[in-house]
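Contents: one structure, followed by commentary.
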Amino acid sequence: MVLARGFYSRDTLEVARDLLGRMLVRVMDGIVLSGMIVEVEAYTRDDPASHAYRGMTARNRVMFGEVGHAYVYFIYGKHYCLNIVARSRDVEAGAVLIRAVEPVEGVEVMMERRGNGLKSRMRLEMLTSGPGRLTEALGIDARHNGLDLTVGGELYVEEGYSISDDMVETTSRVGVVKGADRPWRFIIKGNRFVSRVRV
DNA sequence: GCCAAGATCCTCT
DNA sequence: GAGGATCTTGGCT
């Protein structure tokens with residue numbers, strides 16, 4: 001089931017938390033590439049690190065638009081980053097950066113796409129463990145900026161697995177999900193929520 | 001128009 | 001652990 005618009009029409013941090021365990025799906029030339037979302041970061045309107053902090057510009061206008069749409073931007077002259085617009089109704093802007101996924105379907109295609117320059121040193125953990133890496137592996141770029149992710153098609157998010165709060169053991173900054181195939185590490189940075197698979 | 005910084009990744013030491 | 005790659009964006013003049 002593709003996640004519907006309502007999923008994204010909530011507090012940005014809440015959506016970020018709930019995106020963990022969901023499946024990011026990219027259909028490219030009829031081939032399905034997918035990965036489980038394992039690291040996210042929430043960017044709210046009032047976060048100085050957010051593109052929306054200084055108000056709407058040509059680049060960030062998607063963050064001010066309808067929830068459930070993709071905000072893709074180019075960074076460091078090399079990389080694309082995928083965000084999903086998410087915020088509650090009374091908030092002006094907000095988005096969740098997808099920082100990492102765990103490859104599930106189409107691993108060989110992802111390997112091919114990421115293979116250049118990495119050669120034999122390519123390891124599975126390196127395939128999609130970073131915002132720039134996952135967009136390269138899944139073939140996500142500026143063409144997807146503004147795309148509605150709630151209607152299926154070439155890029156969407158589906159239910160996947162839900163990670164319940166009682167699976168998380170939290171300290172002030174770090175938590176670990178118990179009972180998963182792999183242990184997970186959760187990090188809170190200010191009002192941002194970050195989680196990452198421990199390797 | 002100019003310039004510095006950037007939600008990163010990779011290679012080399 | 002440090003530094004280079006590479007180019008868009010936005011602030012400032």
Side-chain angles (χ1 to χ4, degrees), chain A residues 8 11-20 22 24 26 33 35 37-65 67-87 91-103 107 109-147 149 155 157 173-174 184-199:
Chain A
Y8 304 101
D11 178 77
T12 308
L13 272 78
E14 220 174 278
V15 175
R17 165 67 182 79
D18 287 349
L19 276 171
L20 293 168
R22 312 290 177 174
L24 178 64
R26 167 84 163 102
L33 311 177
I37 297 171
V38 296
E39 183 176 349
V40 294
E41 193 163 353
Y43 284 91
T44 52
R45 174 74 167 83
D46 57 353
D47 181 351
S50 170
H51 287 177
Y53 185 65
R54 295 171 185 275
M56 188 162 67
T57 65
R59 174 168 71 161
N60 68 18
R61 65 186 161 77
V62 174
M63 281 183 79
F64 291 78
V67 299
H69 286 229
Y71 169 45
V72 182
Y73 66 90
F74 191 56
I75 189 74
Y76 293 110
K78 284 190 169 125
H79 310 289
Y80 290 99
C81 292
L82 169 67
N83 296 250
I84 305 177
V85 180
R87 63 175 184 277
V91 173
E92 206 184 355
V96 177
L97 172 67
I98 309 300
R99 295 191 56 88
V101 304
E102 195 168 294
V107 174
V109 175
M110 295 187 211
M111 285 268 197
E112 264 175 48
R113 296 189 50 81
R114 291 264 299 127
N116 286 344
L118 292 176
K119 299 166 191 158
S120 58
R121 296 185 60 186
M122 167 65 73
R123 296 185 308 156
L124 198 59
E125 308 90 75
M126 302 288 288
L127 198 54
T128 52
S129 58
R133 291 174 181 157
L134 75 92
T135 53
E136 184 177 29
L138 297 177
I140 296 167
D141 56 37
R143 292 171 302 169
H144 299 99
N145 189 35
L147 189 72
L149 304 186
L155 186 62
V157 182
R173 290 181 59 84
V174 179
W184 300 49
R185 187 178 57 169
F186 286 76
I187 305 168
I188 309 291
K189 281 184 182 174
N191 65 344
R192 294 186 236 165
F193 180 89
V194 178
S195 83
R196 178 193 295 268
V197 163
R198 179 189 271 178
V199 280

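The chains referred to below are lettered A, B, ... by the order of the sequence lines, with proteins before strands, and numbering in each begins at 1. The structure displayed is predicted, hence computed values, not measured ones.
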[X]: side chain to side chain donor-acceptor pair (under 3.5 Å) partners, not counting sequence neighbours:
{"X": "Asn145(A)", "result": "none"}
{"X": "His79(A)", "result": "none"}
{"X": "Tyr8(A)", "result": "none"}

In a check of side-chain contact (heavy atoms from CB on, under 4.5 Å) between His144(A) and each of Leu82(A), Leu138(A), Val72(A), which one passes?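 Going through Leu82(A), Leu138(A), Val72(A) one by one, the side-chain contact (heavy atoms from CB on, under 4.5 Å) with His144(A) is satisfied by Val72(A) alone.
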Name of the residue among Leu33(A), Thr128(A), Val40(A) meeting side-chain contact (heavy atoms from CB on, under 4.5 Å) with Val101(A): Thr128(A)
Sequence-distant partners of Phe74(A), ring pair (Phe, Tyr, Trp, His ring centres under 6.0 Å), two or more places apart: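 For Phe74(A), the residues satisfying ring pair (Phe, Tyr, Trp, His ring centres under 6.0 Å) (neighbours in sequence not counted) are Tyr80(A).
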What is the distance from atom OG1 of Thr12(A) to atom CE of Met63(A), rounded to the nearest 0.5 Å?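 Going from OG1 on Thr12(A) over to CE on Met63(A), the span is 8.0 Å.
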Given atom [atom1] of [X] and atom [atom2] of [N], what is their separation to the nearest angstrom?
{"X": "Leu134(A)", "N": "dA7(B)", "atom1": "CG", "atom2": "P", "answer": "16 Å"}
{"X": "Arg99(A)", "N": "dT8(B)", "atom1": "CZ", "atom2": "C1'", "answer": "9 Å"}
{"X": "Tyr73(A)", "N": "dT8(B)", "atom1": "OH", "atom2": "P", "answer": "6 Å"}
{"X": "Tyr80(A)", "N": "dT8(C)", "atom1": "OH", "atom2": "C1'", "answer": "10 Å"}
{"X": "Tyr43(A)", "N": "dG6(B)", "atom1": "OH", "atom2": "P", "answer": "12 Å"}
{"X": "Ile75(A)", "N": "dC7(C)", "atom1": "CD1", "atom2": "C1'", "answer": "10 Å"}
{"X": "Glu41(A)", "N": "dG6(B)", "atom1": "CD", "atom2": "P", "answer": "15 Å"}
{"X": "Met63(A)", "N": "dA7(B)", "atom1": "CE", "atom2": "C1'", "answer": "10 Å"}

N/O (side chain, His51(A)) to phosphate O (OP1/OP2, dT9(C)) under 4.0 Å: no
Output yes when at least one side-chain N/O atom of Arg114(A) is less than 4.0 Å from OP1 or OP2 of dC9(B), else no. no
Taking Watson-Crick and G-U wobble contacts under 3.5 angstrom, with | marking pairs to another strand and [ ] crossing pairs, the secondary structure of DNA chain C is written |||||.||||||.
State which residues pass side chain to side chain contact (heavy atoms under 4.5 Å, CB included) with Val107(A); sequence neighbours excluded, sorted by chain then number.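 Expected list: Pro103(A), Met111(A), Leu124(A), Leu127(A).
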For Arg133(A), which residues count as a side chain to side chain contact (heavy atoms under 4.5 Å, CB included) partner, sequence neighbours excluded? Arg114(A), Met126(A), Ser129(A)
Starting the side chain at C-beta, find the nucleotide from dA7(B), dC9(B), dC7(C) nearest to Phe74(A). dC7(C)
Ranking dA7(B), dC7(C), dT9(C) by distance to the side chain of Arg59(A), first place goes to dT9(C)
Using the 3.5 Å cut-off, write out each protein N or O paired with an N or O of nucleotides 2-5 of chain C and the distance between them.
residue, atom, partner, partner atom, Å
dA5(C), N3, Lys78(A), NZ, 2.7

4.5 Å side-chain heavy-atom contact, Glu41(A) and Pro131(A):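 Glu41(A) vs Pro131(A): side chains apart.
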Looking at residues at least two apart in the chain, or sitting in another chain, which of them share a salt bridge (Lys or Arg N to Asp or Glu O under 4.0 Å) with Arg87(A)? none
Taking salt bridge (charged side-chain N to carboxylate O under 4.0 Å, His left out) as the cut-off, I'd like each qualifying pair that reaches into residues 137-147 of chain A, sequence neighbours left out, listed once. Asp141(A)-Arg143(A)
Name the pairs: protein N/O against N/O of nucleotides 11-13 of chain C, kept only if under 3.5 Å.
none

